[in-house]
Amino acid sequence: MRKNKSKIVSVVFIIVMALLVYMPTLLLIVYSFTPSKTIGSWNGFSFELYKTMFQDAEIMTALLNTLIVGLVASLLAGLIGVITAIGIHSMKKSGRKLLDGITQITMVNADIVTAAAFMMFFILVKFIPDGYATLILSHTVICTPYVIMSVLPKLSQLDPNVYEAGLDLGATPVKTLFKVMVPQLLPAILSGFALAFTISLDDFTISTFVSSSVDTIPQYLYNKLKFKGVMPVLRALSTLILVVAFVILITINVVQNKKSKQKTLF
């Protein structure tokens, strides 16, 4: 009886917490399909807000900017993060801990401090043009630690003799890295890429400080909410961002499951 009661309490607790966490998001999604000005007033099912969103040149420009910066920064962070993680993993224990701690500074540091540091850096380094260049560089720096954090645990699970076996069979270090190591690290690399893209997509503070000529979605949302209040079209825009994030996560989970099934078969 006690076990049954504890299970019931656990299930009820999980349901209540899930409702509290996800109900605002569900309401946002539901009311993105009605043209009503306020949430709570249903004026019938319609795609009018989505139509308005895709016809708004300002929104489309901000969305394109966000995707360009996020994808390029995530790819660069993925490349740098994987190489750095392999380098950290091959170091001695004392040096590994030191360098691992250094790479996590931007993760634990306050966004406002990091943003101010980037702003001063780009003011001093004047040859870097304001806009895409400053956004991509700063986003790459803040996203790389998340890739390292995803790849390092996977490296510790690999057989340490695999890399040396590739070298013994005549492959060059670069070829061994891409032919032997990277395929085994692919699930962790994809997870790091998804996390990096999410961080870039969500960033507001650093983007505002480092660029005055290119607006991303978070900056666009802030400016509209500040000067015009809550606009109905923002519900459709927020839902679109949620859908993109979910699609990326689901795709990565599917790839990881396929990789794990292939390993079990062999």
> Between Ser200 and Val69, is any pair of side-chain heavy atoms under 4.5 Å apart?
Replying inline: yes
>> Quick one, His139 with Ser74, criterion side chain to side chain donor-acceptor pair (under 3.5 Å). Give me CA distance, side-chain angles, the key distance, then yes/no.
In response: CA-CA 8 Å; His139 281 216; Ser74 300; over 6 Å; no
> What is the minimum heavy-atom distance between Tyr31 and Ser36, and which atoms define it?
Replying inline: CD2-OG, 4.3 Å
> Is Ile105 linked to Ile80 within one hydrophobic cluster, defined over Ile, Leu, Val, Met, Phe, Trp and Tyr using a side-chain heavy-atom separation of less than 4.5 Å?
Replying inline: no
> Is Thr114 reaching over with its side chain to a backbone N or O of Ala110, donor-acceptor style, under 3.5 angstrom?
Replying inline: yes
> Is the closest side-chain heavy-atom distance between Phe121 and Val141 below 4.5 Å?
Replying inline: no
> Out of curiosity, Leu237 CG to Phe54 CZ, how far, rounded to the nearest 0.5 Å?
Replying inline: 9.0 Å
> Under the side-chain contact (heavy atoms from CB on, under 4.5 Å) criterion, do Thr134 and Phe209 qualify, and how do the steps go?
Replying inline: CA-CA 10 Å; Thr134 54; Phe209 273 66; over 6 Å; no
>> Return the OG to CE distance between Ser211 and Met119, rounded to the nearest 0.5 Å.
In response: 13.0 Å
> With respect to His89, which candidate in Ile148, Val151, Leu152 satisfies the side chain to side chain contact (heavy atoms under 4.5 Å, CB included) definition?
Replying inline: Leu152
>> Applying side-chain contact (heavy atoms from CB on, under 4.5 Å) to Val214 and Asp130, what does each step give before you reach the verdict?
In response: CA-CA 8 Å; Val214 176; Asp130 177 59; over 6 Å; no
>> When you measure from the side chain of Asp203 to the backbone of Ser207, do you find a donor-acceptor pair of N or O atoms at a distance under 3.5 Å?
In response: yes
> So, do Leu201 and Ile217 sit near enough that their side-chain heavy atoms are less than 4.5 Å apart?
Replying inline: no
> For the residue pair Trp42 and Phe45, does the interplanar ring angle fall in the parallel (under 30°), tilted (30 to 60°) or perpendicular (over 60°) class?
Replying inline: tilted
> Is there a side chain to side chain donor-acceptor pair (under 3.5 Å) between Thr216 and Asn65 once you walk through the steps?
Replying inline: CA-CA 6 Å; Thr216 59; Asn65 292 339; over 6 Å; no
> Roughly how far, to the nearest 0.5 Å, is the CG atom of Asn223 from the CD atom of Glu58?
Replying inline: 8.5 Å
>> Please check: side-chain N/O of Ser191 versus main-chain N/O of Pro187, any donor-acceptor pairing under 3.5 Å?
In response: yes
> So if you build clusters from Ile, Leu, Val, Met, Phe, Trp, Tyr with side-chain heavy-atom gaps below 4.5 Å, do Leu124 and Val113 land together?
Replying inline: no
>> So, taking the atom named CG in Leu240 and the one named CG in Leu63, what distance separates them when rounded to the nearest 0.5 Å?
In response: 6.0 Å
>> For residues Leu79 and Leu185: do they belong to one hydrophobic cluster (side chain heavy atoms under 4.5 Å, members Ile, Leu, Val, Met, Phe, Trp, Tyr)?
In response: no
>> Would the distance check show the side chain of Ser138 and the main-chain N or O of Leu135 forming a donor-acceptor pair, the cut-off being under 3.5 Å?
In response: yes
> What residues form a ring-ring contact (aromatic ring centres under 6.0 Å, His included) with Tyr50, not counting sequence neighbours?
Replying inline: Phe33
>> Taking the side chain as everything from C-beta on, heavy atoms only, tell me whether Thr52 gets closer than 4.5 Å to Asp56.
In response: no
> Phe47 and Leu28: same hydrophobic cluster, using ILVMFWY side-chain contacts below 4.5 Å?
Replying inline: yes
> Can Tyr146 be reached from Leu76 by stepping across I, L, V, M, F, W or Y side chains whose heavy atoms are under 4.5 Å apart?
Replying inline: yes
> Hey, does the side chain of Arg235 reach the backbone of Leu49 with a donor-acceptor pair shorter than 3.5 angstrom?
Replying inline: no
> Which heavy atom of Val147 sits nearest a heavy atom of Gly192, and at what distance?
Replying inline: CG2-O, 3.7 Å
> What pair of heavy atoms forms the shortest contact from Thr106 to Pro145, and how long is it?
Replying inline: OG1-CG, 3.3 Å
> Looking at side-chain heavy atoms only, is the closest gap between Met60 and Gln55 below 4.5 Å?
Replying inline: no
> Which atom pair, heavy atoms only, marks the closest approach of Pro35 to Gly44?
Replying inline: CD-O, 3.6 Å
>> Looking at Thr198, is its backbone amide N or carbonyl O close enough to the side chain of Asp202 to form a donor-acceptor pair, meaning the two atoms are under 3.5 Å apart?
In response: no
> Can you tell me how far the OG1 atom of Thr208 sits from the CG atom of Asp111, to the nearest 0.5 Å?
Replying inline: 11.0 Å
>> Applying side-chain contact (heavy atoms from CB on, under 4.5 Å) to Phe118 and Ile142, what does each step give before you reach the verdict?
In response: CA-CA 11 Å; Phe118 275 126; Ile142 63 172; 3.9 Å; yes
>> Give me the atom names and distance for the closest heavy-atom approach of Ile29 to Thr239.
In response: CA-OG1, 3.7 Å
> When you look at Met149 and Leu195, which way does the side-chain contact (heavy atoms from CB on, under 4.5 Å) test go after all the steps?
Replying inline: CA-CA 10 Å; Met149 182 182 66; Leu195 193 56; 3.8 Å; yes
> Measuring from Lys224:NZ to Leu234:CG, what's the distance to the nearest 0.5 Å?
Replying inline: 8.5 Å
> What's the shortest heavy-atom distance between Phe193 and Leu71, and which atoms?
Replying inline: CZ-CD2, 4.1 Å
>> Between Gln184 and Lys154, is there a side-chain heavy-atom distance shorter than 4.5 Å?
In response: no
